[in-house]
Amino acid sequence: MSQPATHAIDLFGIPSDAGASCRGSGMGPEAMRVAGLLETLATLGHLVTDRGNITWDERALGGTPWRLSNERKAEVLDIARQSSTLALASLGAGRLPAFVGGDHSLSMGTISGVARHCAQMGKPLFVLWVDAHGDFNTPATSETGNIHGMPLALLCGEPDFGPEYDGEWRGLVDPRNVTIFGARSIDRPERQLLEMRGVDVIDMRRIDEMGVVALMREVLARVEAAGGHLHVSLDVDAIDPAIAPGAGTPVAGGLTFREAHLVMEMIHDSGTMGSLDIVELNPYLDQAGMSARLLVDLAASLFGRQIMPRQTARMDINEAATSI
């Protein structure tokens with residue numbers, strides 16, 4: 001399947017770290033803009049509209065230097081309601097919504113909106129969660145209580161979330177259509193849930209043994225065979241912290257520069273991606289914008305930048321030899 005030459009992209013910033021274990025990822029959207037995200041995508045021929053940043057009611061912040069957990073949860077849920085609506089409207093207008101965070105709790109809303117759109121269209125939704133972590137904890141299993149470790153569990157319908165997480169904004173994802181790619185830090189209760197629900201976890205051991213190409217071909221072939229919509233959720237900590245230090249929860253041994261680019265290039269070539277999150281960039285922990293620039297480069301690969309055109313006609317070697 002070939003990808004259209006251009007996309008109409010809606011870019012939304014979500015400058016919040018309310019669901020995270022440390023502060024700083026709220027500065028991620030602006031860092032990505034400064035690193036040239038919009039210009040890079042426009043140079044590739046896409047029509048990019050910067051919709052600005054999602055805002056929310058900050059009256060609950062009070063005078064505390066770091067908000068209490070219930071105040072942070074209220075912010076996460078406010079953002080979820082807004083981002084779900086924005087994703088639904090963007091897809092309904094025939095555009096591709098790209099959300100830049102911000103911590104990974106934002107995916108509760110963004111993917112909910114995508115799931116609602118896919119349900120309306122009768123189209124199966126597949127989620128590729130490129131992350132060092134499973135993010136499949138629940139309020140009952142989480143050791144930290146940080147919501148950025150829970151979005152996939154909520155999206156896949158785990159029952160331990162309270163009624164405050166319900167509402168028209170919430171969409172559901174079939175866990176059997178979820179692939180976690182690049183995992184290397186998963187809690188024991190989380191592992192049990194992932195196995196029970198049928199989530200495909202492609203950890204770094206499998207990547208080391210089988211390679212990116214074979215594994216990604218399997219993932220994308222499933223989406224293509226089902227005529228599905230692929231949502232890509234890219235967490236900066238999926239990449240090795242030696243080349244992407246701007247992560248709040250870094251784990252050694254991640255994807256290499258070329259592995260990460262190859263994943264993005266293969267997704268583009270498949271023509272299946274219809275929505276996107278880029279999350280957890282923490283400029284405070286970054287080194288001179290190193291991680292931000294890498295994420296912009298990965299986004300460029302995801303949206304079609306190539307070293308050489310893949311469809312270039314080449315003369316057969318034997319034919320070339322006989323023509324000399």
Side-chain angles (χ1 to χ4, degrees), residues 1-9 87-88 90-92 94-98 107 110-131 134-136 151-153 155-157 171-183 193-235 238 255 259-278 298-299 301-306 309-311:
M1 182 185 297
S2 61
Q3 189 81 330
T6 61
H7 284 293
I9 302 170
L88 180 64
S90 178
L91 288 166
R95 302 176 68 86
L96 188 153
S107 295
T110 62
I111 298 179
S112 283
V114 175
R116 293 163 65 196
H117 170 78
C118 288
Q120 290 176 2
M121 302 299 294
K123 193 178 183 75
L125 170 61
F126 292 79
V127 174
L128 179 62
W129 197 266
V130 187
D131 199 322
D135 293 343
F136 214 86
L152 261 185
L155 289 163
C156 290
L172 292 176
V173 180
D174 186 339
R176 295 167 297 180
N177 289 351
V178 175
T179 300
I180 299 171
F181 196 92
L193 274 178
L194 288 165
E195 291 176 344
M196 289 171 58
R197 305 307 184 223
V199 175
D200 184 17
V201 180
I202 299 178
D203 60 14
M204 291 306 300
R205 169 69 183 266
R206 284 176 66 185
I207 293 172
D208 290 341
E209 289 181 340
M210 301 182 64
V212 164
V213 172
L215 293 166
M216 281 303 302
R217 279 178 177 163
E218 291 180 3
V219 172
L220 297 171
R222 286 188 61 216
V223 182
E224 292 181 27
H229 174 117
L230 179 65
H231 180 95
V232 177
S233 197
L234 172 61
D235 189 317
L255 297 172
E259 285 174 334
H261 272 285
L262 186 52
V263 169
M264 301 300 118
E265 291 162 0
M266 292 182 70
I267 294 169
H268 171 265
D269 291 348
S270 75
T272 56
M273 187 188 73
S275 48
L276 170 68
D277 301 325
I278 302 176
L298 290 174
S301 291
L302 189 55
F303 282 96
R305 188 169 68 187
Q306 300 173 338
R310 297 287 293 168
Q311 302 301 322

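Remember, predicted model here, so these are calculated numbers, not experimental data.
Rounded to the nearest 0.5 angstrom, Ile207 CD1 and Met216 CE are separated by 9.5 Å. With rounding to the nearest 0.5 angstrom, the NE2 atom of His231 is 7.5 Å from the CH2 atom of Trp129. If you take CD on Glu259 and CE on Met204, they are separated by 5.0 Å, rounding to the nearest 0.5 Å. Distance CG/Leu88 to NE2/His117: 8.0 Å, rounded to 0.5 Å. Atom OG of Ser107 is separated from atom CG of Leu234 by 10.5 Å, given to the nearest 0.5 angstrom. Atom NE2 of His261 sits about 11.0 Å away from atom CG of Leu302, to the nearest 0.5 Å.
At least one side-chain heavy atom of Gln306 sits less than 4.5 Å from a side-chain heavy atom of Asp269. Side-chain contact check for Leu125 versus Asn177: every heavy-atom pair is 4.5 Å or farther apart. With a 4.5 Å cut-off on side-chain heavy atoms, Phe136 and Cys156 count as touching. Counting only heavy atoms from C-beta outward, the side chains of Ile278 and Leu276 approach each other to under 4.5 Å. Inter-residue side-chain proximity for Leu255 and Phe181 is flagged as met; some heavy-atom pair is nearer than 4.5 Å. Between Phe303 and Met273 there is a side-chain heavy-atom pair separated by less than 4.5 Å. Using a 4.5 Å heavy-atom threshold, the side chains of Ile202 and Val219 count as touching.
Closest of all the heavy-atom pairs between Pro97 and Ala87 is CG-O, 4.3 Å. Closest of all the heavy-atom pairs between Ala226 and Pro124 is O-CG, 3.4 Å.
Checking side-chain atoms of Ser270 against main-chain N and O of Ile267 turns up a donor-acceptor pair under 3.5 Å.
Only one option out of Asp131, Asp277, Asp135 pairs with Ser233 in a side chain to side chain donor-acceptor pair (under 3.5 Å); it is Asp277. Applying side chain to side chain contact (heavy atoms under 4.5 Å, CB included) to Leu155 and the options Leu172, Thr110, Val127, Ile111 leaves one that passes, Ile111.
Residues Arg222 and Glu218 are not paired through a salt bridge, judged by the lack of any N-O separation under 4.0 Å between the basic side chain and the carboxylate. A salt bridge between Arg206 and Asp200 is present, with a side-chain N of the basic residue lying under 4.0 Å from a carboxylate O of the acidic one. A salt bridge does not link Asp203 with Arg205: every distance from a Lys NZ or Arg NE/NH1/NH2 to an Asp or Glu carboxylate oxygen is 4.0 Å or more.
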Problem set entry | Pair Met266-Leu220, side-chain contact (heavy atoms from CB on, under 4.5 Å): steps then yes or no | CA-CA 8 Å; Met266 292 182 70; Leu220 297 171; 4.1 Å; yes
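Remark: Val201 engages Ile180, Ala183, Ile186, Leu194, Val199 in a side-chain contact (heavy atoms from CB on, under 4.5 Å) (not counting sequence neighbours).
Remark: the Ser275 side chain and the His229 side chain contain an N/O donor-acceptor pair separated by less than 3.5 Å.
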